[in-house]
Each structure stands twice: as C-alpha cells, then as structure tokens.
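The block underneath contains the structure these notes are about, expressed in structure tokens.
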Amino acid sequence: MLEEGRIGTNEAIAATVYFLSSKLFISFPQQMATVGLTAAWMVPIISFGTGALGFLIVAALLKRYPRMSIVEIGEEVAGPLFGALAALGYLAFFFAATILIMREFSETVGTALLPRTPLSVITAVFVLVTLVAVFLGGEALTRAAFLAAPLIVATLVFLNSLSLPQANFDAMFPLFGPGLGKLVYHGVLHSAVAGEVMFLGVIAPQLRDGHKLRMMGLVAIAITALFTSVSLLVFVTVFPYPLCVHIPYPGYETTTLIYVGRFFQRVEVAFVFLWVISGCIELGLGAYTSTMILARMLKLPVYRPIVPAMAIIGYTVAFVPPDVPTATRLDFELVRTFGGIAVFVVPALLLLVAQVKEARRARRRGRTRGA
Amino acid sequence: MKPLAESLQANLDALKQTLHYGLNSDVIVREFDIPTTPPTKAAIVFMEGLASKDIIDLAILQPLMLISNLDRDLRAADVLEIVERRLLPGNQVSRKDNLRGIVEGVIAGTTCLLIEGCRTALEVETKSWEHRGVSQPTAETVVHGPQEAFNETLKNNVALVRRRMRTPDLVSEILKVGTLSRVDCAVLYLEGLTNPKLVAEVKRRINGIRADQIQDTGVLEQFIEDRPFVLVPQTLSTERPDRMAALLSEGHVGILLDGSPFGLVVPVTFWSLLHAAEDHFLRWPFGTFLRLVRVVALAVALLLPAVYIAVTNFHPEMIPTDLLLAIAATRERVPFPTVIEVLIMEVSFELIREAGIRVPGVIGPTLGIVGALILGQAAVAASIVSPILVIIVALTALGSFAIPNFNMAFAARITRFVYILFAAAFGFYGIAVGVFIQMMIYVSTRSFGVPFMSPIAPFAQSSGDLILRYPSWSMELRPAFLQTQHRERQPEVGRKWTRSGGVDIPSPSPPEQPRQGVDAGSQGRSGSLKVKGGGRRA
C-alpha cells in the first residue's frame, strides 16, 4: 500500500486553502467578472457553497471507508473498471487544472517580472521546482503550505487594504449584476473552482485525524470563499466591471496602483514575489495529487518513479494552448465547468452505489437470518 | 578477551607485548615487592603523562612497599582482597580479569596493579593530565549570564552541567566511539523526563558508528545526523554548560565527547538555531527584541546581495527615482555587471574572513586594516565596485555575524551564493523559487525524528519560545515535539507570591494626604506600599 508521510489537521487545511485560492492571483478574477459583472464577488460564494455541498458528499463517502483514498474507494464500490474510470476523471481534472495554472503563472511571471525571458525557460523552472516539491512529498508540501500561510494572508490583507483608496464603491451596483438567476447559474456551473478540495480525498489515508476530514474541507472552503469574495469585491471596485473583464491579471494590475508615499509606489514586484511562492505551493500540490492518483490507480508501492515522466508530460502539454487567453478559456470553460462532474458528481454516484449495495447486503443478511 | 594468568611474569609479558613496551617510551612498568614474609612480587603499569605521579607514589607504591604485616600464608585471593580493602587508599579501585580491560584502562590513564599468583588485577583511578582550565566561551559570548565554557576534559564538562542541575535524575552514560581512538562519549539526559525512545535512538546511532577515530563533536555530528547533504545543522553545537543544562531540562539529549570543548544537543529545530543563551537571561521584551533582530539578520545574510542584484538588474522600477539615479551614478564607472561586482566583493570578504581565522594572532589586527582599505576604499577608488555595494556586503556580513549558531551562519553563507546565482539568472522570480525550495528542504528535514520546523510545521502547541520570547513565568510547557514524560515545566502560576497576598513595606516618609477629588483607595494603603503582582497567570 502506498503510504507517504502523515499530515496534520492544520497543515491539511492550509494546503487546501492554498490549493483553492492561488488562482486568485492569475486570471480567475477576470473570469468571475466576465460572468458576474458587477456582482463578480458573489459568484465565488455560490461556487464555493455548491462545492461545499459536493464535498459533503465526498466526505460522507470517505467516512464509509476509513483509511482509504477516493481512488481505492472507487474500485471498492464500482469495481476495477469503473473505479479506474472514476480515478481517470479525478486525474484529468487535477492534471489539466495544474498544467493550465502553471501556464498562467508562467505567463504572469513573464509579463510582470521577466519580459525578456522565454516562456519555455520560465515554465521549465516551474516544472523543476514542482519536481523537487513532489519528490519531497505531500507531508513536506502541506507543512510548507502551513509555514507560508501567513504569507498569503498578509499578501491578501495588504493588497486589499492598500488598494482601498483606489476603490469606487459605486462600481458594485447594480448589486446583483446580471441578475440573481444568472449568478446562481454560473456559480453552480463553475462549482469546480472548489474542485481542488478533493485533494483531501486523495490524501485521506495520510491524514493524522481522518475523522476531522469533513471539518477540514469545510473550513478550507469557507476561508477561501471569504478571501476570494473580498478580493473580488476590491478588484471590481478598483477596476469597474467593463474594465475588469479586459484585464488579464487584475490582482497584479491592482498592485501597480498601490501608492504609499513617494518611496513605496512600485511595490508590485514584491507582491509577485509572494505570488510565485504561492504558485509553487499550488503547483506542487497539484502535481503531487495527480501523481498520487495515478500511483494509487496503478497500485504502485512508491510514486516517485513516475514523477519525472509526469513532469515531462506536463511541460509538453502546458504549451498546447497557443496563447494565454486560450489557456484561460480552457481552464474556465472546460476544467471549471465540467470538472465538477469528475470531482463531485462521480463521488455522489459512488455514494449512491455504495448505499444500494449496503442495502442489498442488509436485505440478504436479513433473508439468511430468516431462513 | 584473554584472561589473566596466575604468573605475574606471564601477565607482564602479555601486557608489554600489547602495549609495545620498549618502543613506547611512555609505557611504564614498575616491578616491586610487597614486603610480606617472604616478599610478594607485584608490578604496576601506567602511561606517563596520563596518570598522576603523585597518586601513584603516595596512594599505590608507598602503602604497598612500606607496609609489611601481611601474612605470607594467605591465599592469593586474600592478598588481593586485603590490598584492595586496606592498602590502596585511592578513591576508585576496580578489578579486571582480562588483558583487554587492563589495556583500555591503562591507555585511558588508570594504573594497573598486578600481583603474583592473582588472576585478577586492580585498576586504580589515577587519570590526570595537563589540560586547559575552565575559561570563557569564545563562540557563544554573552553580556549577561555565566561566563564558563566547556573544555577538553569530559569529566569536567559533565561536572559543569551537573553543577547546574543538581538532580539525581541527570544521567551521563559513557559510550566508546572510534575503533582506534576509543574515546569516551557521554550521553546526558534526565531519567524520568526525557523520551526514552529518543535516548535509545541517540545511543543506537553512537553505538552504530564505525570509524577509526572521532576526535571532535564536529566529526561525531556528521556520523549521527539525519541528512548529511542538507546544509543546515541538525544538531545544536554549544560550548556553554548553562545552555546544555537548559536544553536538557526541556527534554533534549546532550552529547559530550572527551577531547572536545563543544557539546551537542539533539534534537534541534530551526528556531533553536536562532536562539542564544542570553535570551533567557534578559527580561522578556529584550530577549524578544534580540530574536527579532536575529531573524532580520538571517534574512539579510541570506538575501540582501541577491535582492540588490534582482532590483538593479531586473526590477529597477522598484527603486524610487532619486535613489535609482544615485545608484546609477555610483555604478557609472564600474566596468563589471552587478553580479560580477557582488561576487568579487563576496569572495574577497570570504577570503578576509578565512585569512583572519588562519593568520597568526600577532598579524591578525593588520588583516582588518588591509581588508578595510582594499575592499572599502581602494576598490571603490579604482572603480572596481560601487560604494553602495560595499554597504550591501558590509550589512550582509553583519547579518551573518549576528546569527548565533556558527553552523547555521555557515549554512547561510553558502546559501547566499546560491541566491546570488538565482537572482542573477531570474531576478525576484529566482529568489522566490529559491525561498520555496529552501522552505521545502527545511520542512522535510528531521533531527532525530523531530521535524526541523517544529513546532510550527507540523504545528504543535508551544510555550512561546520560538521567534518571540514570552516571559519566563508563562513558559509552562515543555516543547511538544520532544514528547517528554512530563509536559509541564512549571505550574500555571509561576509567581506564586502574587497569589499569597501583599507584603506591607513601611514607608520611610509620612504618607501624602489624598487630594480632593481623587479616590483615597487609589492611593494604596495609607502609610504603606502594597506589593502585588499583576496578571492572571502571573
């Protein structure tokens, strides 16, 4: 059985928060503004709310099979073939999301920090860092996430509070943007923005306090929803709706407007520094989760031998989208739209099958006893 | 293990052969007669320079040679018994019945007494050699606190620790290390407090060392650490007995090696490498301030040159215009790119530092002048480096000197060059990637099974002794990661006097009358001062 370190409650929550929220630093706000208009900040609340409901199903499934990951549960409940198909679905979600986020992070670094460095070099560095992180393991990654947690909190708090002087709160109105119905529709449709919470289902056997898994997921989703929503509120008030949808990285653009006296007026580089660390953690977690899913699916005793192969595939696939707008569109319209099926609907089906199977077993037991 | 024979001559021959008597000028074999009737042949064997001549003369030879009232008809075993119990006034006498035990004792400084007809020898404690006295610490100096440091004698070092921990539970187990050197290594811990698994692991690792000689704890450290290829130290090296005693009381294990003036404490965490003994000897706000200064120092020592390169090469927009123009003006005549400039200065500084340690003491002060002149003034005047870089390198040096642990400072010095290269290649992106990799390495490192970044990652309840130093009376718990047998270090109310009522101290002067409009109660008791401690947990 693949056993890889022990992960504590705090570390698991911190890692999940990083996993869920790092996309805030790339094109996610722009996508939210595109569908939510002036009410962009409400969409993540609905999406994360839906995601939380989906996670409750995942947690209920995991509770039935303690010390098993979502991959093994799939095989246990639906048999090897359908279990493997389910695992492939999770793998596709995590792998695609990680690669597209890596591409977007690379583009952000290229735009903001290294305009003359080839994108392939920036991405190669990200791949190498991710490789190191995955080699060092999930235990180290989650601990690094917890250690760096104050970093992301401080970044968001500073970014949001220092941007406030530029905010125009009239831009919040009309309050419900395209209308409540559309908001709910887009929020539910893109519930896969909370899909990374399934990470907990993959590392479930490694959790020190497995019985707190549901709490971990819900706390992580709540924290992320709060941060995301507040940050989006700041973005749409700093860059009113029509402008916001044309800015690829609103988070970065907001930092360029920060002015704290004559000395601190070009601080965006410092923020990008922190984002890169967040990005590295996010990519490490994404790659680690993908690798673990594959290793569990193939019943490998160790996962490290497949890491270099995954890295090469990831690096290659990252350049499939011809440009960053395509990558962004693929992320939002494909991964975040249909990803929900893989990470929330499939576990719901598995839970249903598990319940039916158990009911049948109970009936059979009753019949045997009666005979 | 060859047993001793009854014949004295046979035993002496075997010993002489093993100790290369004749070739080895410091092996002394003194044969004599115990004046019984008829005389009993005996001999002592010892190493000159390791054994005390005074003890040998006065406490071994004198009583044995001058006392003549032994009955010759006694059996050999009885002679041995009488000699041991009545005639050897030495404070430590033990029996040895094999050649190897005797040889080990003799080369460690004891004196071996062999008697004709006895299959057992007596080993008298006579260890005494020239050694340095207890002196002031050189690597861990403090302004406030004890000024004693370990020296090269193991027993002295153990005594220095024991003097600070007068509890019978302080155990010092002696193990032998090195197949050739066979040096004594003391493992110190508190029985009933320290995690027995940790003690067993320390002993397992030390017993598992296969090396011909271990001369210093610096070598020992390399044999027992978890990850030899990680730059950061995984044991805490200290020359201060007070620091070792404090860490033992937390549940750590101490390791002392004969011949080494530095002790090791395990396990170690990242935070303890930023601590100094003085932190606890000062009041808590001062201790906390010093620790924050050290955190800044570590950041400066690691990152400052790299940040300078990143800012000047990749992100000049970060610098306010006036400062940017000033920097540009100073760099105008410098022909090298910034990274070369930084490397020249850093390498020169490392040269000065290394030369400063190796140079004979008399020339030492001149080195500072040469370094300051060449690196500071002349390099700037010759337009090899810019003045601002001299400031950067000086600040970086100060930062690395402010790191209290020598090994940690070393790790920072080397890692700094990696950051310089990362920054030269990718600017802030490279630095951020470097910070992430370093963080990952740190969180995956362990020291004797304890995660290096404990108790933050993984998180465990701690007593406020990491970056901030809480008041001494509020540190009630021992570190959770040590898994000690007792978590509580002191009761919740450490200043019990604050709960037992105040003490009335008579005022020397007549009390002031309360002014009108001011509540008389707020002035305290009339004519006396109520001494009370504040704070719920005080």
Side-chain angles (χ1 to χ4, degrees), chain A residues 5-11 13-14 106 108-110 112-117 121-122 125-126 128-130 132-137 139-151 208 256 261-281 283-284, chain B residues 227 229-230 269-271 299 303 306-307 310-324 419 421-446 449-462 466-467 480-481:
Chain A
R6 309 295 288 161
I7 295 169
T9 304
N10 294 298
E11 289 80 30
I13 293 174
S106 304
T108 315
V109 170
L113 294 178
L114 303 167
R116 283 186 288 174
T117 308
V121 175
I122 298 172
V125 173
F126 265 130
L128 286 175
V129 172
T130 308
V132 172
V134 178
F135 258 102
L136 290 173
E139 192 182 65
L141 261 166
T142 51
R143 284 177 185 173
F146 185 72
L147 194 65
L151 202 70
R208 200 165 272 141
T256 60
R262 206 164 64 88
F263 200 82
F264 294 102
Q265 48 179 310
R266 298 296 305 268
V267 288
E268 63 269 22
V269 175
F271 281 104
V272 175
F273 172 78
L274 303 176
W275 296 346
V276 170
I277 292 178
S278 302
C280 289
I281 294 175
L283 294 178
Chain B
R227 282 198 173 190
F229 296 104
V230 172
T269 62
F270 172 76
W271 318 104
L303 299 175
V307 169
V311 169
T312 50
N313 275 11
F314 290 88
H315 324 292
E317 75 278 4
M318 273 190 82
I319 312 170
T321 317
D322 299 343
L323 184 59
L324 184 66
Y419 275 113
L421 296 178
F422 274 34
F426 298 108
F428 262 115
Y429 177 49
I431 297 175
V433 162
V435 168
F436 174 71
I437 292 175
Q438 192 175 8
M439 194 162 67
M440 284 297 296
I441 291 171
Y442 280 11
V443 291
S444 60
T445 301
R446 286 170 184 274
V450 170
F452 186 60
M453 297 307 281
S454 295
I456 300 287
F459 180 76
Q461 199 187 0
S462 106
L466 299 175
I467 295 176
F481 58 81

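Bear in mind that the values here come from a model prediction, so they are computed numbers and not experimental data. Proteins get letters first, then strands, A, B, ... in listed order; numbering begins at 1 in each.
- Residue contact with chain A, scored on non-hydrogen atoms closer than 4.5 Å, involves the backbone and the side chain of B:Ile431 alike.
- The parts of A:Ile281 that come within reach of chain B are both its backbone and its side chain, each placing non-hydrogen atoms under 4.5 angstrom from that chain.
- How far CG of B:Leu303 is from CD of B:Gln438: 8.0 Å, rounded to the nearest 0.5 Å.
- Contacts of B:Phe426 with chain A are made by both backbone and side-chain atoms, with heavy-atom separations under 4.5 Å.
- Taking both residues in full, the closest heavy atoms of A:Ile277 and B:Ala432 are given as CG1-O, 3.7 Å, listed atom of the first, atom of the second, then distance.
- For the set A:Leu141, A:Thr117, A:Val132, the entry with the most heavy-atom pairs within less than 4.5 Å of chain B is A:Leu141.
- In this structure, A:Glu139 contributes its side chain and B:Ser444 its backbone to no donor-acceptor pair below 3.5 Å.
- Contact of B:Ile437 with chain A is made through the side chain alone, with heavy-atom distances under 4.5 Å.
- B:Gly430 and B:Phe422 make their closest contact through O-CD2, 3.2 Å (heavy atoms, listed as atom of the first residue, atom of the second, distance).
- Proximity to chain A (any heavy atom under 4.5 Å) is restricted, for B:Met453, to the side chain, taken from C-beta onward.
- At a 4.5 Å heavy-atom cutoff, the contact between A:Leu113 and chain B is made by backbone and side-chain atoms alike.
- Note: B:Pro458 leads B:Pro320, B:Pro458, B:Ala460 in heavy-atom pairs under 4.5 Å with chain A.
- Counting heavy-atom pairs closer than 4.5 Å to chain B, the top residue among A:Ala144, A:Gly137, A:Gly8 is A:Ala144.
- Minimum heavy-atom separation, A:Ala140 to B:Met440: CB-CE, 3.8 Å.
- Among A:Leu274, A:Ile122, A:Val272, the residue making the largest number of heavy-atom pairs under 4.5 Å with chain B is A:Ile122.
- Using a 4.5 Å cut-off between heavy atoms, A:Phe273 contacts chain B through both its backbone and its side chain.
- Of all heavy-atom pairs spanning A:Ala148 and B:Met439, the tightest one is CB-CE, 3.8 Å.
- When ring centroids are compared, A:Phe126 and B:Tyr429 come within the 6.0 Å threshold.
- For A:Val109, the part sitting under 4.5 Å from any heavy atom of chain B is the side chain, from C-beta outward, and nothing else.
- A:Ser106 meets the side chain to side chain donor-acceptor pair (under 3.5 Å) test with A:Thr123; sequence neighbours excluded.
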